[in-house]
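Below is one structure, written out as structure tokens; comments come after it.
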Number of protein chains: 2
Amino acid sequence: MSPLSSGLLGDLDPTSDRAVFRQIADQLREAIDRGRFREGEKLPSEAELVDHYGVSRMTVRNSFSILQGEGLVHAEHGKGVFVRPRPPVRRLASDRFARRHREQGKSAFIVEADAAGSHPQVDSLEVKEEKASQDISTRLGSVRRVLARRRRYLLDGRPVEFATSYLPLDIARGTPIAEPNPGPGGIYARLEELGHRLDHFEEEIRARMPSPAEVKTLHLAAGVPVIHLVRTAFDSDGRPVEVCDTVMAADAYVLSYQLPAT
Amino acid sequence: MSPLSSGLLGDLDPTSDRAVFRQIADQLREAIDRGRFREGEKLPSEAELVDHYGVSRMTVRNSFSILQGEGLVHAEHGKGVFVRPRPPVRRLASDRFARRHREQGKSAFIVEADAAGSHPQVDSLEVKEEKASQDISTRLGSVRRVLARRRRYLLDGRPVEFATSYLPLDIARGTPIAEPNPGPGGIYARLEELGHRLDHFEEEIRARMPSPAEVKTLHLAAGVPVIHLVRTAFDSDGRPVEVCDTVMAADAYVLSYQLPAT
DNA sequence: CTTGCCCACTCGTCTATACGAGTAAGCGTG
DNA sequence: CACGCTTACTCGTATAGACGAGTGGGCAAG
């Protein structure tokens with residue numbers, strides 16, 4: 001039995017001043033919310049909805065485009081339109097850079113992912129010296145050039161995060177920090193070995209829609225925002241020693257912070 | 001001189017395999033990024049672009065719809081399509097609930113906004129007892145019913161945040177917390193007076209596209225995500241005494257956290 | 001059985017047209 | 001001068017049709 005004859009979707013209200021394509025989107029959204037269509041399940045095809053509602057194809061596509069913008073569904077060329085599955089999320093705890101987590105040889109990302117039973121990967125590794133942007137320069141205290149460490153993180157083959165660390169050259173140049181693999185405990189461990197005892201971090205969080213470049217790098221579906229996190233690390237002299245600029249697929253992350261009430 | 005004859009926008013590449021409406025969107029996006037169209041400025045009308053590129057109107061509208069999805073532009077019926085201005089953002093510092101900020105009579109929101117020179121407002125105040133959702137019940141330690149305090153925050157007339165606080169009935173019922181105006185220092189001050197000395201907060205942050213209800217409540221333009229923040233307050237006995245569920249217009253906020261490096 | 005082609009079905013792109021409705025400016029009337 | 005109407009321009013909604021391209025199943029040839 002076709003899903004359309006089974007009363008999953010209702011009729012249009014011609015007397016309503018709500019646009020037809022919105023009414024259709026409303027009905028589909030409600031059906032999804034109520035679980036009539038489950039995650040990953042295929043929605044009726046455009047042609048089926050054209051028949052069911054007696055509207056033109058562009059009207060149906062208009063409805064789908066609303067739901068895509070809300071991140072509820074995604075279209076696959078040649079296959080159909082599907083309810084977008086909610087991917088497993090990665091929780092980032094606020095103590096993830098605590099010194100005690102820095103003892104092991106592997107990076108926090110790898111350890112965490114292994115623990116969660118997923119397959120972690122890091123690629124697009126790039127380490128180079130470059131001119132600091134205005135923003136980075138300001139955050140690092142008026143430096144002109146910086147060491148930039150770029151990398152992309154993937155979980156089970158899916159890119160979830162793209163991060164760039166910036167460090168002042170006078171700190172990083174010629175040290176293991178300038179190597180592709182900085183060694184156990186990562187660059188924070190190296191910074192401390194170099195005499196920059198870390199005191200605290202500042203994190204700034206924004207959310208926005210991705211740029212086309214970010215869509216490409218993170219393989220983002222329509223309707224998925226990004227979380228933009230900029231972390232600055234300060235040593236015990238109060239000097240900023242690193243800025244890490246991170247763009248995360250918002251549907252793959254929950255950030256978690258613990259704050260004292262003092 | 002029309003913006004279209006002045007070389008602001010280029011030509012289409014018919015040999016490219018990139019769809020025409022994407023090429024047009026690319027050109028408009030680049031013009032915006034380069035500042036050729038400034039914030040709040042009107043883009044060429046659909047009709048003008050139809051003439052300029054020699055395409056049909058639906059193709060131009062398709063281009064605009066891409067840019068709208070990216071949150072770059074917004075259309076106004078009868079007026080035109082405009083570059084979306086970046087609204088002033090509100091910075092939320094991680095110490096915003098520190099005890100020392102609780103001394104004054106006014107709420108943190110009012111004080112902050114006044115200091116920033118904007119006009120703050122709180123409306124949609126609702127205080128009532130209700131059944132706890134599964135999630136809230138879990139967070140508060142298996143309570144069945146809760147006191148819910150709902151309110152919407154506006155800056156200069158624009159809604160920016162919608163928040164609901166949930167408190168266990170055995171704590172809140174019959175206290176000033178159950179009043180629309182809980183008095184100076186807010187409910188956290190009242191909780192401490194009632195013997196629940198606050199120890200720490202946990203905040204969980206997600207970003208996603210808004211539901212239609214959220215679009216309505218926060219007057220969100222297309223392409224603006226929301227930040228969903230859930231804060232749990234714990235007293236010195238380790239008991240969760242409040243859960244605050246907040247949905248913020250992502251283009252109006254930067255969250256800022258300070259973390260120890262220990 | 002395997003290979004390769006065809007075909008039906010899917011969404012993607014684009015055109016052309018029509019009418020509705022919000023906006024703002026101009027113009028004429030009182 | 002003030003008000004209201006007209007008009008031109010804007011985007012919103014909807015139809016009908018065409019062709020392209022990705023997918024997957026079935027069928028026929030080897």
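As a basis for the values below, the full set of heavy atoms in this structure was taken, side chains included, without hydrogen atoms, waters or symmetry mates. Chain letters run A, B, ... following the sequence lines, proteins first and then strands; every chain starts at 1. Computed from a predicted model, the values in this text were never measured in an experiment.
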From [atom1] of [X] over to [atom2] of [N], roughly how many Å is that when rounded to an integer?
{"X": "A:Lys42", "N": "D:dT23", "atom1": "NZ", "atom2": "P", "value": "15 Å"}
{"X": "A:Tyr53", "N": "D:dT15", "atom1": "OH", "atom2": "C1'", "value": "18 Å"}
{"X": "B:Glu46", "N": "D:dT13", "atom1": "CD", "atom2": "C1'", "value": "12 Å"}
{"X": "B:Phe64", "N": "D:dC11", "atom1": "CZ", "atom2": "C1'", "value": "10 Å"}
{"X": "A:Arg57", "N": "D:dA16", "atom1": "CZ", "atom2": "C1'", "value": "12 Å"}
{"X": "B:Leu67", "N": "D:dC11", "atom1": "CG", "atom2": "C1'", "value": "15 Å"}
{"X": "B:Met58", "N": "D:dT15", "atom1": "CE", "atom2": "P", "value": "12 Å"}
{"X": "B:His77", "N": "D:dC9", "atom1": "NE2", "atom2": "C1'", "value": "11 Å"}

Query raised in the report: What's the shortest heavy-atom distance between A:Thr217 and A:Arg152, and which atoms?
Result: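 That would be O-NH1, 2.8 Å.
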Query raised in the report: Is A:Ser256 close to B:Glu203 at the side-chain level, that is, under 4.5 Å between some pair of heavy atoms?
Result: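 B:Glu203 vs A:Ser256: side chains apart.
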**Report entry** Check against side-chain contact (heavy atoms from CB on, under 4.5 Å), A:Thr246 and A:Val230
**Finding:** CA-CA 6 Å; A:Thr246 303; A:Val230 180; over 6 Å; no
Query raised in the report: Is it true that B:Glu41 and B:Arg84 have a side-chain N and a carboxylate O under 4.0 angstrom from each other?
Result: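 Result for this pair is no, no salt bridge flagged.
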Query - Ion pair B:Asp135/B:Arg139, N-O distance below 4.0 Å - result: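 So B:Asp135 pairs with B:Arg139 through a salt bridge.
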Report task. May I ask you to verify if any side-chain N or O of A:Lys79 is less than 4.0 angstrom from the OP1 or OP2 atom of D:dG24? Result ->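 The answer is yes; a side-chain N or O of A:Lys79 sits under 4.0 Å from OP1 or OP2.
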**Report entry** Bounds of contact between DNA chain C and chain B, in 5' to 3' order, using a heavy-atom cut-off under 4.0 Å
**Finding:**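 Counting from the 5' end, contacts occupy C:dT13 to C:dA24.
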Query raised in the report: A:Val226 pairs by side-chain contact (heavy atoms from CB on, under 4.5 Å) with which of A:Met209, A:Glu161, A:Arg208?
Result: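 With A:Val226 as partner, A:Met209, A:Glu161, A:Arg208 yield a single side-chain contact (heavy atoms from CB on, under 4.5 Å), made by A:Arg208.
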Query raised in the report: Which word best sums up how the rings of B:Tyr257 and A:Tyr257 line up, parallel for under 30°, tilted for 30 to 60°, or perpendicular for over 60°?
Result: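 Aromatic pair B:Tyr257/A:Tyr257 classed parallel.
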Report task. Look at all strands and tell whether A:Arg22 reaches a base, only sugar-phosphate, or nothing, counting heavy atoms closer than 4.0 Å. Result ->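 Sugar-phosphate: the residue A:Arg22, judged by heavy atoms under 4.0 Å, touches backbone atoms but no base.
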Report task. Could you check whether B:Phe21 gets within reach of a base, just the sugar-phosphate, or nothing at all, counting any heavy atom under 4.0 Å? Result ->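 Sugar-phosphate, no base atom in range.
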Query raised in the report: Hey, which of these two, A:Ala19 or A:Gly78, hits DNA chain D nearer its 5' end, going by closest nucleotide?
Result: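 Its nearest nucleotide being more 5', the pick is A:Ala19.
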